[in-house]
Amino acid sequence: MSAESTPGPGIPGDTGITGSRHRAKGRRRKPRKRHKGLMVTAWTAAGLVALGGAGAGYVYFKLNGNLKSVDIDQALGTDRPKKADNGSENILVLGSDTRAGGNKKLGGGTDDGSARSDTAMIVHVYKGHKKASVVSIPRDTLIDRPECTDPKGDEHPAANGVMFNSAYSTGGAACAVKTVESITDLRMDHYLEVDFSGFQKLIDDLGGVEVTTTKSIDDPDSHLKLKAGTHRLDGEQALGLVRTRHGVGDGSDLGRIQLQQAFIKALVNQIKDVGVFTNPKKLLDLAETATKTVTTDSDLGSVNKLASFAGGLKGITPSNMHMVTMPVAYDPADPNRVLLQKKKADQIWKALADDKPIPKSATEGTATGEAKGVVSSS
């Protein structure tokens with residue numbers, strides 16, 4: 001793919017397709033067996049919490065005690081992009097894949113105490129909170145990570161040409177936010193994270209999610225086998241779908257992102273049709289699961305605050321969600337890595353900064369996972 005532009009601060013390389021280069025060449029090897037989590041979109045998790053938090057007394061304090069939060073503002077200080085003054089908001093949504101506890105059983109591998117963020121999305125909520133754009137960031141993107149301080153207070157120097165998801169494993173939530181802000185020059189107003197064992201239980205509590213597949217999917221690594229047709233996925237199957245990488249498409253992380261985006265639309269489309277509004281027990285179960293699963297920034301670190309935040313997002317429907325992947329190209333030196341197409345990406349960041357729709361030209365001619373259209377809402 002041809003060069004797009006010269007690099008900018010925080011992005012490696014010296015051509016428009018940015019990232020570290022290597023001399024080695026070769027075909028794309030079979031992707032590593034690696035389990036992925038999916039972050040349920042911000043308004044979905046927050047909305048469930050809001051519903052469950054409508055009570056008082058014991059229920060409120062129980063749910064409030066489940067929440068975990070991170071003080072991003074204190075960790076990053078004042079050297080950050082300015083907050084937008086146009087009524088819009090940016091939320092960094094991460095899927096956390098640790099190897100401990102319930103995640104170890106679901107994710108396999110060894111419990112080495114590490115945590116990964118294999119799913120990352122920037123959710124831009126437009127002024128009026130009726131529309132949103134979602135930009136998925138491929139975990140395999142080679143970037144320059146800024147210096148970070150981890151939750152223990154240990155400092156980590158800046159690193160060049162590393163995978164995007166190394167920011168979270170190096171310095172946790174604050175480092176992930178700092179890295180995204182260095183790439184986009186956009187202020188992340190909020191942070192939401194869900195671990196993937198919680199994701200599975202959330203889907204089960206909802207009673208499953210119905211999707212239609214246009215092709216059969218058989219991926220032994222994600223343990224998912226579906227024939228072409230309509231299916232109601234339980235939590236385990238949904239987790240398998242959003243982890244599926246080489247069961248469909250070109251076997252890349254980009255194809256997995258396309259499946260994730262389609263599943264999120266199906267989930268949001270069905271959230272109001274599963275009986276939670278008229279079933280108090282289901283309501284409480286969902287709220288219990290969501291509050292145990294989600295980690296927020298400190299501004300959203302209580303049920304009341306999360307409920308208020310969710311209330312402003314209820315008007316966003318799948319038809320008003322524009323989902324894209326950050327413009328990248330496959331690294332010719334390592335086909336398992338991708339390089340940022342800076343000129344095209346800058347079109348996205350500028351549009352979001354101006355609270356405008358993302359132009360089609362920003363994603364034309366970029367690498368795709370060839371899995372678009374395989375999954376849709378029923």
message = Other residues, nucleotides and ligands only: do more than 12 of their heavy atoms fall within 6.0 Å of CG on D154?
response = yes
ask   = Between E181 and M188, what is the shortest heavy-atom contact and its length?
value = OE2-N, 2.9 Å
request  = Spell out, as yes or no, whether a donor-acceptor pair under 3.5 Å connects the side chain of N66 to the backbone of T291.
outcome  = no
message = Treating T244 as the side-chain partner and D219 as the backbone partner, does any N or O pair qualify as donor plus acceptor under 3.5 Å?
response = no
request  = Quick one: closest heavy-atom pair of A174 and L76, and the distance?
outcome  = O-CD2, 3.6 Å
request  = Assess whether side-chain contact (heavy atoms from CB on, under 4.5 Å) is satisfied between V374 and Q258, documenting all intermediate values.
outcome  = CA-CA 9 Å; V374 173; Q258 290 176 319; over 6 Å; no
query = Would E364 and K360 pass as an ion pair if we require N to O under 4.0 Å?
reply = no
request  = Check whether any side-chain heavy atom of R145 sits under 4.5 Å from a side-chain heavy atom of V162, and report yes or no.
outcome  = yes
message = Whether D140 and R245 form a salt bridge (side-chain N of Lys/Arg under 4.0 Å from carboxylate O of Asp/Glu) is what I want to check.
response = yes
key: Side chain to side chain, S133 and L352, heavy atoms closer than 4.5 Å   = yes
query = Nearest 0.5 Å, what's the CG-CG distance between D189 and D299?
reply = 9.0 Å
note = Nearest heavy-atom approach of L254 to P138 is CD2-CG, 3.5 Å
key: Gap separating the CD1 atom of I137 from the CD1 atom of I183, nearest 0.5 angstrom   = 6.0 Å
key: salt_bridge(K342, D346) N-O dist < 4.0 Å   = yes
task = Please answer whether the main-chain N or O of P157 pairs with a side-chain N or O of E147 as donor and acceptor at a distance below 3.5 Å.
result = no
request  = Kindly indicate, with the supporting measurements, whether the criterion side chain to side chain donor-acceptor pair (under 3.5 Å) is fulfilled by S252 and Y330.
outcome  = CA-CA 10 Å; S252 72; Y330 291 115; 3.2 Å; yes
request  = Taking atom NZ of K130 as the centre, report whether more than 12 heavy atoms of other residues, nucleotides or ligands fall under 6.0 Å from it.
outcome  = no
Stepwise side-chain contact (heavy atoms from CB on, under 4.5 Å) test for T325 and T366 = CA-CA 9 Å; T325 300; T366 61; over 6 Å; no
Test item: S298 side-chain N/O and G301 main-chain N/O as donor-acceptor pair under 3.5 Å = no
task = State, to 0.1 Å, how close G161 and D144 come at their nearest heavy-atom pair, and which atoms those are.
result = N-OD1, 3.0 Å
key: D354 side chain vs K356 backbone, donor-acceptor pair below 3.5 Å   = no
ask   = Is there side-chain contact between D150 and T170, with heavy atoms separated by less than 4.5 Å?
value = no
ask   = Between E89 and Y126, does any side-chain donor sit less than 3.5 Å from a side-chain acceptor?
value = no
task = Using a strict cut-off of less than 4.0 Å between a Lys/Arg side-chain nitrogen and an Asp/Glu carboxylate oxygen, indicate whether D73 and R187 qualify as a salt bridge.
result = yes
query = What are the two closest heavy atoms between G373 and T214, and how far apart are they?
reply = O-OG1, 3.1 Å
Distance (rounded to the nearest 0.5 Å) between Q260 CD and I257 CD1 = 6.5 Å
message = Quiz question: by atom type and distance under 3.5 Å, do the side chains of S136 and Q261 form a donor-acceptor pair?
response = yes
inquiry  = For D185, I'd like to know if atom CG has over 12 heavy atoms of other residues, nucleotides or ligands within 6.0 Å.
reply    = no
query = To the nearest 0.5 Å, what is the distance between CD (Q341) and CD (Q347)?
reply = 10.5 Å
task = For T141 and F164, indicate whether the former's side chain and the latter's backbone hold a donor-acceptor pair under 3.5 Å.
result = no
request  = State, without any angle test, whether Y168 and T179 hold a side-chain donor-acceptor pair at a distance under 3.5 Å.
outcome  = no
ask   = Do V209 and I203 come within less than 4.5 Å of each other through their side chains, counting heavy atoms only?
value = yes
inquiry  = Just verifying a value: how many Å separate L186 CG and K350 NZ, rounded to the nearest 0.5 Å?
reply    = 11.5 Å
message = For the backbone of S376 and the side chain of K265, can you confirm whether one donor and one acceptor N or O come within less than 3.5 Å of each other?
response = no
ask   = Do P357 and H322 come close enough that some side-chain heavy atom pair is under 4.5 Å?
value = no
inquiry  = Would H124 and D355 count as a side-chain contact (heavy atoms from CB on, under 4.5 Å) here? Give the steps.
reply    = CA-CA 8 Å; H124 178 83; D355 205 34; 2.8 Å; yes
request  = Might you confirm whether atom NZ of K68 has over 12 heavy atoms from other residues, nucleotides or ligands at distances under 6.0 Å?
outcome  = yes
request  = For residues I348 and A362, report the shortest heavy-atom separation together with the two atoms involved.
outcome  = CG1-CB, 3.6 Å
query = Will you find, in the side chains of S302 and N64, an N or O donor that is under 3.5 Å from an N or O acceptor?
reply = no
Donor-acceptor contact present, side-chain R139 to main-chain N165, <3.5 Å = no
Reported CG-to-NE2 distance for the pair N90 and H190, which is rounded to 0.5 angstrom = 10.0 Å
query = Does Q74 reach the main-chain N or O of D71 with its side chain, forming a donor-acceptor pair under 3.5 Å?
reply = no
task = Using a strict cut-off of less than 4.0 Å between a Lys/Arg side-chain nitrogen and an Asp/Glu carboxylate oxygen, indicate whether K201 and D204 qualify as a salt bridge.
result = no
query = L142 versus M163: any side-chain heavy-atom pair under 4.5 Å?
reply = yes
task = Would you mind reporting whether V125 and I316 have side-chain heavy atoms less than 4.5 Å apart?
result = yes
ask   = Hey, are the side chains of Y191 and V180 touching, using non-hydrogen atoms and a 4.5 Å cut-off?
value = no
request  = Report the C-alpha distance between L259 and V248 in whole Å, list the side-chain angles of each, state the deciding distance to 0.1 Å, and finish with yes or no for side-chain contact (heavy atoms from CB on, under 4.5 Å).
outcome  = CA-CA 9 Å; L259 296 178; V248 293; 3.6 Å; yes
query = Got a donor-acceptor contact below 3.5 angstrom from the E193 side chain to the A173 backbone?
reply = no
